[in-house]
Amino acid sequence: MKVLVINCGSSSLKYQLIDMENESVLAKGICERIGAEGSVLTHKPAGKDKFVTEQPMPDHSVAVKLVIDALQDPEHGVIESADEITAIGHRVLHAGTVYSDATLVTEDVKKVVRDCFDLGPLHNPANLIGIEACEKAMPGKPNVAVFDTAFGMNMPQKAAMYAIPYEYYEKYSIRRYGFHGTSHMFVSGETVKLLGKDDAKVIVCHIGNGASISASIGGKCVDTSMGLTPLEGLIMGTRSGDVDPAVLQFICNHEHISVDEMLNILNKKSGLLGLSGVSSDLRDVVKAAGEENERAKLALEAYVYRIVKYIGAYAAAMNGVDAIVFTAGVGENSVPIRENVCKSLGYLGVELDKKKNENVSGDTAIISSDDSKVKVIVLPTNEELAIARETVKLV
Ligand code: ADP
């Protein structure tokens, strides 16, 4: 069975075609600058040269069509016809409180995705366009929506609720949802398997450009750091993470800007970028800190401190922890961030093996010492595979 996984952003479309017989990626790629000048498709078929084409993509339907053409192209294609695709799995950001588990797309599912536009204003409209474009391009094929909130929807009410008047939950479903759910589900599930312990207490640090952290027992979410939107929690590339909401009012009043403008600042101009003034990319900030840029040093210290603080809170929430797992761009690649986080976790019985930490090479690796009470693991996330697995379950 071949499953096409689609992840639509506001101006991009990432895809993977996965052969579920052996979970191998037949081809993957990305359409960028959809709806703008200079749209580009980069298609990477397994075992063949990558193919890049600049073609007008006024909307996501055109992008989907180009992807399907590329997949069946005589030269750089990997299938003879789109009939070989059994189903399409879509990453969808938000379904409010209506859906948590992955679900076959129906008219009702699309309505719910549409009703949640204001909860995910950047992602939900693009996700829906992606679904409708696939329905149009491959009529009759099952489409499955896999929600980014799925993992966090299972956290207990006491972790999910904001302590604000209950009527806002009843009226508008205001609660904590958590995001990067597919990644947390995949990584925590793989960790449970790796440890061979069904009720393993696991903390997953998904640290990329966006960043979130979760606590789970036996793969079931206990708590996760993102909230109603992906803004809450850790310091990220451009997002502030946790701030006192009164900061918004203060800055809005003094700078004469609207709440929408302020939220844009908290989402796009804050985090590592805002604190360091250098970049949202961790590599640039590490480089600047190495050149004695004081604000870059401060940004890194705050970034690590926030992770350490959450790990402490989550170990407490679970009354213990068996494994701390690093994943995503920074988690999988940054030796100093992993080292600096673990430095402050001695009280939990964490003992990092410096050599193992330095020698991680893209695969799953245990980087704690053999005697460490808590295992520290690097485990590459694979959201596309997780989406494809959920899709297979439903078709
Ligand atoms: P996204 O949230 O966009 O999916 P990724 O998980 O791809 O993000 O992570 C992107 C981030 O990972 C980059 O901004 C960069 O800071 C970081 N990163 C990637 N490679 C490395 C590396 N070798 N060392 C340190 N950081 C890295």
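All figures in this text were calculated on a predicted structure; none of them were measured in a lab.
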Count I, L, V, M, F, W, Y as connected when their side-chain heavy atoms are under 4.5 Å apart, and connections chain through other members. Are [X] and [Y] then in the same cluster?
X	Y	value
I213	Y303	yes
F151	I311	no
L345	V202	no
M155	V187	no
M226	I207	no

Taking atom [atom1] of [X] as the centre, does the number of heavy atoms from other residues, nucleotides or ligands within less than 6.0 Å exceed 12?
X	atom1	answer
E167	CD	yes
K141	NZ	yes
K201	NZ	yes
E37	CD	no
N253	CG	yes
K136	NZ	no
D49	CG	no

Please examine the side chains of [Y] and [X], heavy atoms only from C-beta on, and report whether any two atoms are closer than 4.5 Å.
X	Y	result
E291	K287	yes
L195	I377	yes
T224	F179	no
D148	R91	yes
S225	Y314	yes
C205	V341	no

To the nearest 0.5 angstrom, please state how far the [atom1] atom of [X] sits from the [atom2] atom of [Y].
X	Y	atom1	atom2	result
I18	E384	CD1	CD	6.5 Å
N264	S270	CG	OG	9.5 Å
L17	L71	CG	CG	5.5 Å
I88	M138	CD1	CE	4.0 Å
N127	R114	CG	CZ	12.5 Å
L4	I79	CG	CD1	8.0 Å

Can you tell me which residue pairs pass the side-chain hydrogen bond (donor to acceptor under 3.5 Å, both in side chains) test with a partner in residues 204-220, sequence neighbours excluded?
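Applying side-chain hydrogen bond (donor to acceptor under 3.5 Å, both in side chains) to every pair that reaches into residues 204-220, excluding sequence neighbours, yields H180-S212, S183-H206, H184-S212, H184-S214.
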
V335: which other cluster members, linking ILVMFWY side chains closer than 4.5 Å, directly or transitively?
none

Hydrophobic cluster of V92, others only, ordered by chain and residue number, side-chain cut-off 4.5 Å
V98, Y99, V105, V109, V112, V113, F117, L128, I131, F147

Between [X] and [Y], does any side-chain N to carboxylate O distance fall below 4.0 Å?
X	Y	value
K14	E383	no
E54	R33	no
R389	E23	yes
E301	K297	no
E358	K355	no
K356	D370	yes

Lys NZ or Arg CZ of R306 over Y310 ring: under 6.0 Å, within 45°
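Because its charged atom misses either the 6.0 Å distance or the 45° angle limit, R306 does not stack over Y310.
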
Please tell me whether [X] and [Y] have a donor and an acceptor in their side chains that are separated by less than 3.5 angstrom.
X	Y	value
H90	N143	yes
E84	S81	no
S61	D59	yes
S24	N22	yes
K343	N340	yes
Y172	D118	no

Give me the ring orientation class for H43 and F51: parallel if the planes are under 30° apart, tilted from 30 to 60°, perpendicular past 60°.
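Taking F51 first and then H43, their aromatic rings stand perpendicular (interplane angle over 60°).
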
Work out which heavy atom in K373 is nearest to a heavy atom in L348; give both atom names and the distance.
NZ-O, 3.8 Å

Taking all non-hydrogen atoms of both residues, which atom of V62 and which atom of M57 are closest, and how far apart?
CG1-CA, 4.1 Å

Taking T381 for the side chain and A328 for the main chain, is one N or O donor matched with an acceptor at less than 3.5 Å?
no

